[in-house]
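Note that the structure is a prediction, hence the values are computed from the model and not measured. Throughout, a chain's letter reflects where its sequence line sits, starting with A, and its residues are numbered from 1. The figures that follow rest on heavy atoms only: side chains count, while hydrogens, waters and symmetry mates do not.
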Number of protein chains: 2
Amino acid sequence: MTVDIVILTMSEGRLHVLLIRRGEAPYQGMWAIPGGFKRPTETLDEAAKRELSEETGVDAASLLTQFGAYGDPGRDPRMNVVTIGYLAVLRDVGAIVAGTDAAAASLVPAADVLNGSLDLAFDHSWIVRDAIERVRAELEVTGIATAFVGSTFTLAELRAVYEAIWGVQLDAANFRRSVVPEGDWVIPTGRRSRPGPSGGRPAELYRAGRAWQAGGPIHRQPRAGQKEPATS
Amino acid sequence: MTVDIVILTMSEGRLHVLLIRRGEAPYQGMWAIPGGFKRPTETLDEAAKRELSEETGVDAASLLTQFGAYGDPGRDPRMNVVTIGYLAVLRDVGAIVAGTDAAAASLVPAADVLNGSLDLAFDHSWIVRDAIERVRAELEVTGIATAFVGSTFTLAELRAVYEAIWGVQLDAANFRRSVVPEGDWVIPTGRRSRPGPSGGRPAELYRAGRAWQAGGPIHRQPRAGQKEPATS
DNA sequence: CTCGGTTCTTGTCGACAGGACCCTAACCAT
DNA sequence: ATGGTTAGGGTCCTGTCGACAAGAACCGAG
């Protein structure tokens, strides 16, 4: 009985996953997601939190959600081990320190795992795929997007999270209307951000309301940039 | 490592769950959901299918979906066991035969478990609750409703599934429009049903198209019977 | 055989939400 | 001041969803 944790974060506008390089056999030297054995005295959630902290130095607090179990025979060459997949979303990964079992720990773009150009130890590629699929779905119905950004953020930053994970372009004006008036979804702080190096009007700063909870109606927009008024 | 299976079916217009009465300690004589230990040579899905068949004689075929893992210390008084929860939806449970470990097997209304008037062995009450919550969610996005009805069915029967699980009233006309033209969601057979004892026009018979797969846009209707045109 | 009663099916209408697009507001650099 | 850039607000259109009315197809009773 192990738990494995998929840690997702935004970096340079793209979705990244936190991986460790295995320091022991099997799959020594390969990339894998952090995880380890559950102790009999702890719950699954506690085990996930502890393993994450031990192997990467990251504290995911209350953002760990379970998303699947994996128990195919042969998934671990040593013995038949069932693992529970956990998903964690972080705004700022902070200091990443490789733990005792890991030779290294770093962020890699999620796309590299999704398209198969980087394959992981065990069945971890599958687990990462499932985790990202879960985030995509949860983004539509929960406020998990606020977990990717800082404690205060602009709507442009929040919109970038949706765009990166869904791979679509969202209209800034419509996005605002979808997210702002909807309950206490995001809360304006009254303060304003400093404009970026390219100038522009400063944006209102928001903080997360009832984050990662139910509610929140952001829907995908099919595409931007077409408008066919049939002008023959 | 065990698997536990929540089998849901419709009976007398209400949602029912298949339970067994435990024949052994612990919790001897209490109601529980079927399940058992996974063997090292089989996958989790195979284990769920096998245990279901062994303990109840039910063949759930391909309708088993995993929905959660439970591993709190103390959930089993004998030892620390993690269990994987599976959900199965059946149209007709067919012959229910109590297996070797079970003293009896029968269907009980899901409401009895939900409202706490019947509590189950281990943490099975929680597991059943989670399974039903999963079905409610999956009903909105997958065609799992067709798994509750027979191989051919009328739209009224299918609508009754939604109404029973969500506890709402759906407009028959709008329900039709939501489900019929949507791809090959349900397929008309051309045949018609015999009207019930209370008469009425015979309904078209349908069969499931791409059941329990993605797609399918049924949304909840808040309530029936109000229409406030503000007639002062 | 006609007449209600019941149920299925089609039609219509209004409310609302979502997407596309335009315009103004506020900042910076030159 | 002027242009470039981004934030925020407004408008129009269209598709969807809920409510409801009306027609179609069966039954049983008188």
Student: Any idea which heavy atoms bring I5(B) and A48(B) closest together, and the distance?
Tutor: CD1-O, 3.4 Å
Student: Would you mind reading off the distance between L170(B) atom CG and dC17(D) atom P, rounded to a whole angstrom?
Tutor: 13 Å
Student: Suppose we screen for side-chain hydrogen bond (donor to acceptor under 3.5 Å, both in side chains). Which residues come up paired with R207(B), at least two apart in sequence or across chains?
Tutor: none
Student: Nearest whole Å is fine: how far is dC13(C) P from D171(B) CG?
Tutor: 17 Å
Student: If the condition is side-chain hydrogen bond (donor to acceptor under 3.5 Å, both in side chains), which residues does R14(A) pass it with, not counting sequence neighbours?
Tutor: none
Student: Between F175(A) (CZ) and dA17(C) (C1'), how many Å, whole number?
Tutor: 16 Å
Student: Between N or O atoms, less than 3.5 Å apart, protein on one side and nucleotides 5-8 of chain D on the other: list the pairs.
Tutor:
from   : atom 1 : to      : atom 2 : distance (Å)
dT5(D) : O2     : G200(A) : N      : 3.3
dT6(D) : OP1    : S198(A) : OG     : 3.4
dT6(D) : O2     : R201(A) : N      : 3.0
dA7(D) : N3     : R201(A) : NH1    : 3.4
dG8(D) : OP1    : E204(A) : N      : 2.6
dG8(D) : OP2    : R176(A) : NH2    : 2.1
dG8(D) : O5'    : R176(A) : NH2    : 2.6

Student: Nearest-Å distance, CG (N174(A)) to C1' (dC16(C))?
Tutor: 15 Å
Student: What is the distance from CZ of R177(B) to P of dC8(C), rounded to the nearest Å?
Tutor: 15 Å
Student: What residues form a ring-ring contact (aromatic ring centres under 6.0 Å, His included) with F153(B), not counting sequence neighbours?
Tutor: none
Student: Just grab all the side chain to side chain donor-acceptor pair (under 3.5 Å) pairs involving residues 149-158 of chain A, residues at least two apart or on different chains.
Tutor: none
Student: Could you tell me which residues satisfy side-chain contact (heavy atoms from CB on, under 4.5 Å) with A160(B), sequence neighbours excluded, listed by chain and number?
Tutor: none
